[in-house]
Amino acid sequence: MEESKNSLKDPRFKPIFTQIVGNTISWCWFLMLGEILTRGRRYDITSGSLDFEGNFRLSMPLVVEMHTPSVRPLAPYIPEGKNVPAPTTEEAIQEYMKYLLSREKQPNEHYTYGEDLWWQVEEVIKYYKRYGFGNACCHMVVGRPESFLFYNREVDYTEFVAVEDRTSGKLIFSRHITNTWNKDLRIEVSSQCLRGVDTWVQNGRLYFCCYFRSQDAWAGFPQNYGGLQLVKEYMASCLNLEDGPLIAISKDLHFYRDNIPYGLEMIGKKAEELSWFEPEVRL
């Protein structure tokens with residue numbers, strides 16, 4: 001019996017994640033703005049970032065496939081006549097890439113992505129060189145499971161991670177993790193938004209698939225993925241590979257209220273035209 005091409009689609013359900021497929025980071029960013037601002041859900045922020053509690057944001061779960069992310073400039077293009085600030089710059093993206101590859105942390109920083117990624121990037125390169133490209137092992141993790149406790153001011157958490165050479169016993173590197181900083185009630189609690197960077201090689205090209213549990217759409221998306229793209233290009237050059245697609249997954253890609261007017265200006269819409277608008281909203 002010949003089955004329908006749509007036999008795997010159940011008409012009772014609609015996809016939860018919206019998918020955007022495009023070429024450059026800049027173009028996909030623009031497409032994403034339109035999706036969130038016109039179809040995103042509005043919700044009031046009840047916990048998380050203290051600076052935004054009591055405010056609202058527009059959010060959407062999204063998968064964004066960028067098929068030629070190496071095209072320059074990496075920073076979004078702002079057309080002439082648009083009265084909006086640039087969300088990021090080429091210089092800021094270059095600096096962010098260095099941040100992703102460094103374990104350095106400033107005194108006021110609770111965490112950095114670099115303190116997790118700096119050594120994994122080099123280990124992934126070594127693994128591919130040693131074992132070839134026919135594997136699915138090279139996933140880089142950001143954050144520990146216990147980093148969820150960064151939000152919990154009622155517990156003390158400390159952990160010491162040590163990596164030693166099995167033959168010589170020499171300490172390769174170590175790390176001390178603690179949540180003691182959140183005892184200061186003036187400090188805003190936080191935990192890692194980027195949670196993983198998966199990699200694979202296909203047809204001589206290096207792919208990245210990145211997961212953010214939460215991500216700012218206006219400035220966060222272009223800077224995060226501009227920096228991750230530069231990391232991918234660095235790894236590809238070390239492995240004599242061509243640069244491949246960059247896939248972005250976020251269950252909560254969002255606009256904070258303060259940035260909504262910029263997004264509306266970019267897509268040529270007025271708040272009053274959109275379903276989430278209420279008369280008492282002042283942007």
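For the salt bridge (charged side-chain N to carboxylate O under 4.0 Å, His left out) test, residues two or more places apart in sequence or in another chain that qualify with K98 are E95. K126 pairs by the side-chain contact (heavy atoms from CB on, under 4.5 Å) definition with E123, not counting sequence neighbours. Residues passing the salt bridge (charged side-chain N to carboxylate O under 4.0 Å, His left out) test with D184 are R186, sequence neighbours excluded. For R12, the salt bridge (charged side-chain N to carboxylate O under 4.0 Å, His left out) partners at least two apart in sequence or on another chain are D10. Residues passing the side-chain contact (heavy atoms from CB on, under 4.5 Å) test with N135 are Y127, Y128, C137, C138, sequence neighbours excluded.
Side-chain contact between W218 and W29: present, with at least one pair of heavy atoms (C-beta onward) separated by less than 4.5 Å.
Environment of NZ in K269: sparse, with no more than 12 heavy atoms of neighbouring residues, nucleotides or ligands closer than 6.0 Å. In I16, the CD1 atom is not crowded: 12 or fewer heavy atoms of neighbouring residues, nucleotides or ligands sit closer than 6.0 Å. Around CD of E90, the count of heavy atoms belonging to other residues, nucleotides or ligands within 6.0 Å exceeds 12.
V71 and L74 are assigned to two separate hydrophobic clusters, defined by single-linkage of ILVMFWY side chains at heavy-atom distances under 4.5 Å. Under the 4.5 Å side-chain contact rule for hydrophobic residues, I20 and M266 share a cluster. Residues Y99 and W118 do not share a hydrophobic cluster, clusters being chains of Ile/Leu/Val/Met/Phe/Trp/Tyr side chains in contact below 4.5 Å. Taking hydrophobic clusters as Ile, Leu, Val, Met, Phe, Trp and Tyr residues chained together by side-chain heavy-atom distances below 4.5 Å, F277 shares a cluster with L58. In the hydrophobic clustering of this structure, I267 groups with M32; members are Ile, Leu, Val, Met, Phe, Trp, Tyr whose side-chain heavy atoms approach within less than 4.5 Å, directly or through other members.
A centroid separation of 6.0 Å or more is found between the aromatic rings of Y77 and W27.
From R57, atom CZ reaches atom CZ of R257 across 14.5 Å, with rounding to the nearest 0.5 Å. Here the CD atom belonging to E35 is positioned 11.5 Å from the SG atom belonging to C28, to the nearest 0.5 angstrom. For the atom pair CZ (R103) and CG (L117), the distance works out to 13.0 Å, reported to the nearest 0.5 Å. Atom OG of S191 is separated from atom NE2 of H110 by 11.0 Å, given to the nearest 0.5 angstrom. L206 contributes atom CG, which lies 8.5 Å from atom CZ of F133 (distance to the nearest 0.5 angstrom). The line from CG of L241 to CD of Q202 is 12.0 Å long, rounded to the nearest 0.5 Å.
Side chain of K232 to main chain of G244: a donor-acceptor pair is present (N/O by atom type, distance under 3.5 Å, no hydrogens or angles). Judged by distance alone, with hydrogens and angles left aside, the side-chain atoms of K105 form no donor-acceptor pair with the main-chain N or O of Y111 at under 3.5 Å. A donor-acceptor pair is defined here as one N or O able to donate and one able to accept, closer than 3.5 Å; no such pair exists between the side chain of R195 and the backbone of G143.
Relative ring orientation between H254 and Y256 is described as perpendicular, the plane-to-plane angle rising above 60° on a 0-90° scale split at 30° and 60°. Relative orientation of the W119 and F173 rings is tilted, given thresholds of 30° and 60° on the angle between their planes. In this structure, Y207 and W200 have parallel ring planes: the angle between them is below the 30° cut-off, well short of the 60° mark. The aromatic rings of W181 and F150 lie perpendicular to each other, with more than 60° between the two planes, well past the 30° mark.
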Practice prompt. Evaluate the criterion ring pair (Phe, Tyr, Trp, His ring centres under 6.0 Å) for residue pair F148 and Y157; output intermediate values, then yes/no.
Written response: CA-CA 11 Å; F148 181 72; Y157 156 59; over 10 Å; no

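Applying the salt bridge (Lys or Arg N to Asp or Glu O under 4.0 Å) rule to pairs touching residues 65-74 yields R72-E233, sequence neighbours excluded.
In summary, D116 and R175 engage in a salt bridge, as defined by a charged side-chain N under 4.0 Å from a carboxylate O.
In plain terms, the two heavy atoms of I93 and A75 that are nearest each other are CD1-N, 3.8 Å.
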